[in-house]
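Take a look at the structure set out below.
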Amino acid sequence: MIRIGKISYWHVHAWDYTKQAEAHPGAEIVAVWDENPERGQEAADKQGVTFYASLDEMLSRDDIDGVIVDAPTNMHREVMIKAAEAGKHIFTEKVIAATLSEVNDIIAAVEKNNVKLTVSLPRLNDGYTLAIRELLDQELLGKVTYVRVRLSHNGATANWLPAHFYKKEETLGGALIDLGCHPMYLTRLFLREEPVDVSAQFGYITGKEVEDNAVATLSTKSGAVGVVEAGFVNNFSPFTVEVHGTEGTILFGTPDSKLLLRTTRNEEYKDAWVEIPVPANRESAFEQWISHIEQGTTADENIAMAIELTKLMEAANLSNAERRAVKVNELQG
């Protein structure tokens, strides 16, 4: 049994991960720490576990094997380095951290202390992602030229996101660094090459401290372009994936959750859109984390994608702030 200490209930998905731990036969939450003691005590009482006002005290427990991190983004470096130095395995909400420099510090601590890190990048494990990757492996689109992924909801306009999600000091960003993580890592994945520069534009529809409407454009050496869209201010805005190439196109979620293919590279798909079966999701990031702990393996692809995600997010934030395209290789790790 993997015994887990929960680090904060700040994030909106914190209880989702708690439920995943409760449902997993090989895991259980045994302790809670929260930078908000009232919230933490309430969460601990609800689960019948111990609340700690001191993170160091919780991490000093020998019978805690790992932690789930849902602390404010600006605390990620501090709490994850402490957890790693205490020998605790780490499952964390995205992003690992907001800057490449902080991520490198965290990764160094993880590697030095031989703990297992997995980042919640859930859409990497969804069936449509697996199917799109398989189609790209078959080179049915020819050379990928354009990728667009959009994810948006009405959290700001319908007022269901918590107020602290708009505090820039804690979040270090809004719609893009939160919801936009998913279209960002999917766009990067489907482009299949490293972006060389990033341009971003943020909107502030509801006048919050952080953006609630955002777009980022990724440019590659070959000329392919990726477009990442995210927002907290949109009703009826379907999750959308487009992957275009010199020989064909893949569409998903426009608006139905169907995967469509058309390509000149196969006669079956040449004259009309053909629906491609979507396989079942593979095991979740949380389940993978538990397996890595049990089997002594590492989440290599997951971690590599998470590091790349932070690089692109840092570049996008800098681009919007300085109103220019930011070269990814200029970021200081």
Side-chain angles (χ1 to χ4, degrees), residues 94 120-153 176 179-199 214-231 234-285 287-288 299-302 304-306 308-309 312 328:
K94 45 63 180 164
S120 183
L121 307 178
R123 291 174 186 262
L124 290 180
N125 307 308
D126 286 350
Y128 55 82
T129 300
L130 305 180
I132 292 171
R133 294 185 75 172
E134 175 62 26
L135 295 173
L136 293 175
D137 284 343
Q138 297 174 32
E139 299 184 348
L140 289 174
L141 303 192
K143 170 69 177 72
V144 172
T145 57
Y146 185 91
V147 177
R148 171 179 172 260
V149 185
R150 175 175 180 77
L151 184 60
S152 186
H153 58 53
L176 192 67
L179 194 63
C181 281
H182 305 295
M184 183 68 85
Y185 63 71
L186 289 178
T187 298
R188 168 65 183 88
L189 179 69
F190 299 148
L191 278 171
R192 299 202 144 193
E193 60 178 309
E194 185 175 357
V196 295
D197 57 50
V198 178
S199 297
V215 61
T217 303
L218 317 180
S219 300
T220 69
K221 186 177 180 180
S222 73
V225 173
V227 178
V228 177
E229 301 174 15
N234 302 287
N235 272 327
F236 311 119
S237 179
F239 170 60
T240 302
V241 178
E242 302 177 23
V243 186
H244 303 274
T246 55
E247 306 272 350
T249 289
I250 296 168
L251 301 176
F252 179 79
T254 52
D256 299 322
S257 297
K258 295 180 179 180
L259 183 61
L260 303 176
L261 170 67
R262 193 166 181 181
T263 175
T264 59
R265 289 206 165 183
N266 187 308
E267 289 297 323
E268 182 181 356
Y269 309 126
K270 183 177 181 180
D271 296 324
W273 292 101
V274 177
E275 184 174 355
I276 304 299
V278 174
N281 297 348
R282 66 185 178 188
E283 64 179 355
S284 70
E287 291 171 314
Q288 292 173 32
D300 294 336
E301 182 185 56
N302 172 274
M305 290 296 296
E308 188 82 355
L309 173 61
L312 297 174
V328 177

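Not measured: the values here are computed from a predicted model. All values below were derived from every heavy atom in this structure, side-chain atoms included, with hydrogens, water molecules and symmetry-related copies excluded.
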Nearest heavy-atom contact between Pro238 and Gly253 is CB-O, 3.5 Å
Applying ring-ring contact (aromatic ring centres under 6.0 Å, His included) to His153 and not counting sequence neighbours gives Trp160, Phe232
Between Leu124 and Leu130 the two heavy atoms that sit nearest each other are O-CD2, 3.8 Å
Residue pairs passing the salt bridge (Lys or Arg N to Asp or Glu O under 4.0 Å) test with at least one member in residues 220-230, sequence neighbours excluded, are Arg148-Glu229, Arg150-Glu229
- Are side-chain N/O atoms of Gln288 and Asn125 paired as donor and acceptor at under 3.5 Å? yes
**Prompt:** Is there a side-chain contact between Val225 and Thr217, using heavy atoms and a 4.5 Å cut-off?
**Reply:** yes
With sequence neighbours left out, the residues meeting ring-ring contact (aromatic ring centres under 6.0 Å, His included) with Tyr185 are His182
Scanning both residues in full, the closest heavy-atom pair of Gly231 with Leu179 reads O-CD2, 3.6 Å
Sequence neighbours excluded, the answer for ring-ring contact (aromatic ring centres under 6.0 Å, His included) partners of Phe239 is Tyr128
Checklist entry - Tell me, do Phe190 and Arg133 make a side-chain contact under 4.5 Å, heavy atoms counted? => result yes
Using a 3.5 Å distance criterion without hydrogens, assess whether the side chain of Arg188 forms a donor-acceptor pair with backbone atoms of Leu309. no
Residues passing the side-chain hydrogen bond (donor to acceptor under 3.5 Å, both in side chains) test with Glu193, sequence neighbours excluded, are Lys143, Thr220, Ser222
Handout entry: Under 3.5 Å side-chain donor-acceptor pair for Glu247 and Thr263
Key = no
CZ (Arg282) and CG (Asp126) are apart, to the nearest 0.5 Å, by 9.5 Å
One should read off an interatomic distance between Leu141 CG and Tyr146 OH, to the nearest 0.5 angstrom, of 15.0 Å
CE (Met305) and CD (Glu308) are apart, to the nearest 0.5 Å, by 7.0 Å
| Is the shortest heavy-atom distance from the side chain of Val241 to the side chain of Ile250 under 4.5 Å? | no
Is Leu251 close to Arg262 at the side-chain level, that is, under 4.5 Å between some pair of heavy atoms?
-> no
Crowding at CD, Glu139 (>12 non-hydrogen neighbours, <6.0 Å) = no
Residues at least two apart in sequence or cross-chain that pass salt bridge (Lys or Arg N to Asp or Glu O under 4.0 Å) with Asp137, listed by chain then number, are Arg192
- request: Could you tell me whether the side chain of Asn266 reaches within less than 4.5 Å of the side chain of Gln138, counting heavy atoms only?
  value: no
Nearest heavy-atom contact between Gly226 and Thr187 is CA-CG2, 3.6 Å
Note: Ala131 and Leu259 closest approach over all heavy atoms is CB-CD2, 3.5 Å
Rounded to the nearest 0.5 Å, the NZ atom of Lys94 sits from the CE atom of Met184 at a distance of 12.5 Å
May I ask you to test the Thr249-Trp273 pair for a side-chain heavy-atom distance under 4.5 Å? yes
Between Leu176 and Ala216, the two heavy atoms sitting closest are CD2-CB, 4.4 Å
